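Here is the structure we will look at, set down as structure tokens.
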Amino acid sequence: MRISFNSIGSLGMVSTFQAQQQQNLFNTEIDKADSRLEKIEASREKYAEFVQSCNAIYQGTTPAQLVDKQTNSITITNGVYYHLGMINGKPLNGTALTGGGFNSNFSPMIQWTGVGSRVTPEQEAAFRAHKSYSQAERQGANELVAVFMSLSRLAEGKKSVDSMNDDAMFMQYFPKFAEGIGLDLSQPFTINGKSFTYSKGTLQMTDTED
């Protein structure tokens, strides 16, 4: 029987390989833990944003103006409580949420607390706010919110100008929306720094894109 031994150098290579494998496993666990923490933090921030938007509605917070009339510019930021015009003489205010959707005073979102749970004061307040407007008023609010959300996606590069012009609902209600927020469509305007014009019922982007 022949017995052979690994050289000292080979043992060193094996030891180094094992150490690298352990280090890689350790780093993977750290990456997974960091990813979980990031998801938890993102979820916490989204919930805090939702609560803040509800508080703005229930407490009658003064909304931010969407348009800077001096520069004829729109700035859209998620989490900001904006004024979006009037419906039947009643102000439409609300917040575009980072997690998606729009929380407005015409139909506040209701946080679901599970089957069989008691109705919370916040849910009651949301229901009362919702019922204080007629169905026609809520429909009018939904039309303006849809225009706002389309403009938000346009500003983020998630919608093109062509798709906006092909959207019959957007084109129908955009002039009304612009009038309500004080945007002058007879002049060039910007949305989050991107330049546009609106003429003869057509939206055009005037930036030179790379």
Side-chain angles (χ1 to χ4, degrees), residues 49-50 53-54 56-110 126 128-207:
E49 183 182 77
F50 168 76
S53 72
C54 289
I57 292 170
Y58 303 143
Q59 296 172 7
T61 302
T62 300
Q65 296 300 309
L66 188 59
V67 174
D68 182 336
K69 294 183 180 180
Q70 291 186 335
T71 58
N72 206 36
S73 61
I74 293 176
T75 300
I76 299 174
T77 304
N78 287 341
V80 175
Y81 188 57
Y82 288 115
H83 174 65
L84 300 188
M86 307 291 285
I87 302 294
N88 197 24
K90 302 173 183 179
L92 168 62
N93 305 320
T95 306
L97 302 174
T98 301
F102 189 87
N103 197 15
S104 84
N105 59 317
F106 272 64
S107 191
M109 292 183 179
I110 297 177
R128 286 196 301 271
H130 176 84
K131 295 297 290 183
S132 67
Y133 301 98
S134 69
Q135 183 176 352
E137 289 171 340
R138 291 195 298 272
Q139 177 60 32
N142 289 339
E143 292 161 356
L144 296 188
V145 169
V147 171
F148 172 83
M149 295 302 287
S150 291
L151 292 176
S152 178
R153 288 189 286 272
L154 178 67
E156 294 174 357
K158 295 179 180 178
K159 289 194 73 171
S160 67
V161 170
D162 287 342
S163 69
M164 304 286 274
N165 287 325
D166 289 339
D167 186 336
M169 182 176 179
F170 173 82
M171 298 310 294
Q172 179 179 354
Y173 296 107
F174 177 52
K176 178 181 178 181
F177 174 83
E179 181 181 4
I181 62 175
L183 183 69
D184 184 358
L185 293 183
S186 69
Q187 302 294 327
F189 59 93
T190 64
I191 305 174
N192 287 17
K194 297 179 179 180
S195 299
F196 299 89
T197 59
Y198 182 80
S199 177
K200 298 179 180 179
T202 301
L203 183 67
Q204 294 289 337
M205 188 172 186
T206 59
D207 280 348

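Bear in mind that the values here come from a model prediction, so they are computed numbers and not experimental data. Numbers here simply count residues along the sequence, with the first being 1.
Scanning for ring-ring contact (aromatic ring centres under 6.0 Å, His included) contacts around Tyr133 gives Phe106, with sequence neighbours left out. For Tyr173, there are no ring-ring contact (aromatic ring centres under 6.0 Å, His included) partners at least two apart in sequence or on another chain. Looking at residues two or more places apart in sequence or on another chain, you find no ring-ring contact (aromatic ring centres under 6.0 Å, His included) involving Phe177. Glu137 pairs by the salt bridge (Lys or Arg N to Asp or Glu O under 4.0 Å) definition with Lys90, not counting sequence neighbours. Scored by the side chain to side chain contact (heavy atoms under 4.5 Å, CB included) test, Gln172 finds no partners at all (sequence neighbours excluded). Take Arg128 and apply the side-chain hydrogen bond (donor to acceptor under 3.5 Å, both in side chains) test, not counting sequence neighbours, and it matches no residue. Under the ring-ring contact (aromatic ring centres under 6.0 Å, His included) criterion, Phe148 pairs with Phe102, sequence neighbours left out. Judged as a salt bridge (Lys or Arg N to Asp or Glu O under 4.0 Å), and not counting sequence neighbours, Glu179 has no contacts. Partners of Thr61 under the side-chain hydrogen bond (donor to acceptor under 3.5 Å, both in side chains) rule, at least two apart in sequence or in another chain, do not exist in this structure.
Considering OG1 of Thr202 and CE of Met171, their distance stands at 5.5 Å, rounded to 0.5 Å. For the atom pair CD1 (Ile57) and CD (Gln59), the distance works out to 11.0 Å, reported to the nearest 0.5 Å. Atoms CG and CE, on Asp162 and Met205 in that order, are 11.5 Å from each other to the nearest 0.5 Å. In this structure, OG1 on Thr206 lies 9.0 Å from CZ on Phe189, to the nearest 0.5 angstrom.
Minimum heavy-atom separation, Leu84 to Leu144: O-CD1, 3.8 Å. The shortest non-hydrogen separation linking Met169 to Ala146 is CE-CB, 4.0 Å. The shortest non-hydrogen separation linking Pro91 to His83 is CB-CE1, 4.0 Å. The minimum heavy-atom distance between Gly85 and Ile181, with the atom names listed, is N-CG2, 4.3 Å. The two residues Ser104 and Leu92 come nearest to each other via the heavy atoms CB-CD1, 4.1 Å. Contact record, Ile191 with Ala155: CG2-CB, 3.7 Å, taken as the closest heavy-atom pair.
For Asn93 (side chain) and Asn105 (main-chain N/O), no donor-acceptor pair under 3.5 Å exists by modelled atom type. Without hydrogens or angle criteria, Arg138 side chain to Ser107 main chain gives no donor-acceptor distance under 3.5 Å. A donor-acceptor distance shorter than 3.5 angstrom exists from the side chain of Asn165 to the backbone of Leu203, with no hydrogens or angles considered.
Using a 4.5 Å heavy-atom threshold, the side chains of Thr77 and Tyr82 count as touching. In this structure the side chain of Ser199 never reaches within 4.5 angstrom of the side chain of Gln204, judged on heavy atoms. Inter-residue side-chain proximity for Met149 and Phe170 is flagged as unmet; no heavy-atom pair is nearer than 4.5 Å.
For residues 140-158, the salt bridge (charged side-chain N to carboxylate O under 4.0 Å, His left out) pairs, not counting sequence neighbours, are Glu156-Lys158. Within the structure, the salt bridge (charged side-chain N to carboxylate O under 4.0 Å, His left out) test picks out the following pairs touching residues 166-175 (sequence neighbours left out): Lys159-Asp167.
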Using distance only, find each side-chain donor-acceptor pair of residues 66-75 under 3.5 Å and give its atom names and separation, not counting sequence neighbours.
residue, atom, partner, partner atom, Å
Asp68, OD1, Gln70, N, 3.0
Thr71, OG1, Ser73, OG, 2.6
Asn72, OD1, Asp184, N, 2.9
Asn72, ND2, Asp184, O, 2.9
Asn72, ND2, Pro188, O, 3.0

